[in-house]
Amino acid sequence: MKIVHTINDLQSELSQLKAQGKMVGLVPTMGALHAGHASLVKRSVAENDVTVVSIFVNPTQFNDKNDLEKYPRTLKEDCLLLDECGANFAFVPSVAEMYPEPDTRQFSYAPLDTVMEGAFRPGHFNGVCQIVTKLFDAVLPHRAYFGEKDFQQLAIIREMVRQENYALEIIGCPIVREADGLAMSSRNTRLSYEERKNALKISQTLFESRTFAAEHTVAETKQFVEDAIAAAPGLELEYFQLVDGNTLQPISAWDETTYAVGCITVFCGEVRLIDNIKYKE
Ligand code: PAF
């Protein structure tokens, strides 16, 4: 696997391969890679001739400076994992390479980006769209791979691709969980032993709520999750929303949609964890 640091170098490598008719898959990441990322990379390797994985902790999507500073950075281990997965290029640009000048572009995909993460992390999705468009423009991939753990991000990127007429396919990949059920996240490495035990209650509650939902209303199911997290040691619920998986707008009855998803954000100590579960699809 080649490690490339500049857009110019990456484009000259890719232009030769594209001239030979090779299909290019892109997996955008912020590094601190785990088995969830590996599943995206392996899928891209299986579906394309060339796989580019970007590793870039994007400052414009962090609305909390502390979160940006504490974001884990493990480039050496990341490159080993990418090599094992069969990636061809790790694109590891500097901040100056991606933002030679401040990016003043504004992306707005209301109402998708005004709820949940959009409401609690103002500017977050604008920053995500800024970097993802820069990566799409640099790589011009045929396919790009994103995890369903960031359910709202995936919906917004799909909408962005539709509205901006990008000629590429977005592939959403299922959440990968630890053996005990906790959704894999780069942030999990920041959990202490005690916090890691407490965090398990998030996925457990979501799974239990799916059984509960079969016999209860949307409001009762929401209450069930809120009560379970409130009673769990060391966890603080930011939000739990039951939404239509396409519009991301809250639902009030199960028969309002054929695609019902529960999205949750919980603080486990200082670490902000997100997860989601499908009730109907
Ligand atoms: O999901 C992520 O890791 C990031 O939001 C992304 C898509 C790589 C953009 O920085």
Side-chain angles (χ1 to χ4, degrees), residues 26-30 36 40 54 56 58-64 67 103-137 141 143-175 183 185-187 202 206 209 213 218-219 221-222 225-226 237-266 272-281:
L26 169 68
V27 185
T29 82
M30 297 204 298
L40 307 183
S54 60
F56 180 68
N58 173 37
T60 71
Q61 72 187 74
F62 284 83
N63 53 336
D64 175 352
D67 194 23
D103 191 339
T104 55
R105 294 173 302 157
Q106 291 293 323
F107 296 86
S108 166
Y109 300 108
L112 293 178
D113 59 359
T114 54
V115 292
M116 301 191 289
E117 293 299 280
F120 282 93
R121 299 183 71 189
H124 167 67
F125 287 121
N126 197 53
V128 169
C129 292
Q130 287 177 341
I131 192 63
V132 171
T133 50
K134 280 173 181 274
L135 292 168
F136 286 172
D137 294 341
R143 300 189 181 96
Y145 296 78
F146 295 88
E148 285 183 354
K149 185 171 80 69
D150 294 293
F151 190 81
Q152 189 173 8
Q153 169 174 280
L154 178 58
I156 289 167
I157 289 172
R158 283 192 197 285
E159 184 59 14
M160 181 186 80
V161 163
R162 198 184 67 78
Q163 290 198 25
E164 309 289 326
N165 292 313
Y166 275 104
L168 56 85
E169 194 185 348
I170 297 294
I171 315 280
C173 302
I175 297 178
S185 163
S186 305
R187 290 189 166 89
I202 303 169
L206 292 183
S209 76
V218 166
T221 305
K222 188 165 186 288
V225 171
E226 288 172 353
L237 182 70
E238 192 166 69
Y239 65 81
F240 173 66
Q241 286 289 340
L242 281 152
V243 300
D244 177 303
N246 292 314
T247 64
L248 303 187
Q249 300 311 293
I251 53 167
S252 48
W254 296 118
D255 61 9
E256 264 173 40
T257 180
T258 52
Y259 188 19
V261 182
C263 298
I264 194 165
T265 294
V266 176
R272 191 174 183 275
L273 299 173
I274 66 171
D275 199 348
N276 64 77
I277 196 157
K278 291 172 185 160
Y279 294 88
K280 272 172 93 173
E281 90 180 289

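The NZ atom of Lys134 sits 7.5 Å away from atom CD of Gln130, with the distance rounded to the nearest 0.5 Å. Atoms CZ and CD, on Arg158 and Gln153 in that order, are 12.0 Å from each other to the nearest 0.5 Å. Here NZ of Lys278 is found 10.0 Å from SG of Cys263. Values are rounded to the nearest 0.5 Å. Here the straight-line distance linking atom CD of Gln106 with atom CG of Asn126 works out to 4.5 Å at 0.5 Å rounding. Taken to the nearest 0.5 Å, the CD atom of Glu159 stands 10.5 Å off from the CG atom of Asn246. Put simply, CG on Asp275 and CD1 on Ile175 are 5.0 Å apart, with the number rounded to the nearest 0.5 Å.
Residues Arg272 and Tyr239 share a closest heavy-atom pair of NH2-CE2, 4.3 Å. Nearest heavy-atom pair across Thr221 and Phe240 is O-CE2, 4.4 Å. Between Tyr109 and Ile156, the shortest heavy-atom distance links the atoms CD1-CG2, 3.9 Å. Here the closest heavy-atom approach between residue Pro141 and residue Leu26 is recorded as CB-CB, 3.7 Å. Between Leu242 and Gly262, the shortest heavy-atom contact is CD2-CA, 4.0 Å. Looking at every heavy atom in both residues, Ala144 comes nearest to Phe136 through CB-CE2, 3.6 Å.
Contact check for Gln249 versus Pro111: side-chain heavy atoms found under the 4.5 Å cut-off. Looking at heavy atoms from C-beta onward, Ile264 lies in side-chain contact with Leu206 at the 4.5 angstrom threshold. A heavy-atom distance below 4.5 Å is not found between the side chains of Met116 and Thr265. For the pair Met160/Val132, a side-chain contact is recorded, criterion being any heavy-atom separation below 4.5 Å from C-beta on. Side chains of Leu40 and Phe146 form no contact here, defined as non-hydrogen atoms less than 4.5 Å apart.
Although no hydrogens or angles enter the test, the distance criterion places a donor-acceptor pair under 3.5 Å between the side chain of Asn276 and the main chain of Lys149. Although no hydrogens or angles enter the test, the distance criterion places no donor-acceptor pair under 3.5 Å between the side chain of Arg143 and the main chain of Ile171. Looking only at distances, a side-chain donor or acceptor of Lys280 sits under 3.5 Å from a matching main-chain atom of Thr257.
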(request) Dump the intermediate steps for side chain to side chain contact (heavy atoms under 4.5 Å, CB included) on Val128 and Gln61, then the final yes or no. (result) CA-CA 5 Å; Val128 169; Gln61 72 187 74; 3.7 Å; yes
(request) List the steps, then state whether side chain to side chain contact (heavy atoms under 4.5 Å, CB included) holds for Glu256 with Val218. (result) CA-CA 10 Å; Glu256 264 173 40; Val218 166; over 6 Å; no
(request) For Phe151 and Leu248, run side chain to side chain contact (heavy atoms under 4.5 Å, CB included): C-alpha distance rounded to whole Å, both residues' side-chain angles, the deciding distance at 0.1 Å, then the answer. (result) CA-CA 9 Å; Phe151 190 81; Leu248 303 187; 3.7 Å; yes
(request) Could you go through the side chain to side chain contact (heavy atoms under 4.5 Å, CB included) check for Tyr259 and Ile251 one step at a time? (result) CA-CA 10 Å; Tyr259 188 19; Ile251 53 167; over 6 Å; no
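Residues that satisfy the side-chain hydrogen bond (donor to acceptor under 3.5 Å, both in side chains) test with Gln152, not counting sequence neighbours, are absent from this structure. With sequence neighbours excluded, the residues forming a side-chain hydrogen bond (donor to acceptor under 3.5 Å, both in side chains) with Arg105 are Asp103, Thr133, listed by chain and number.
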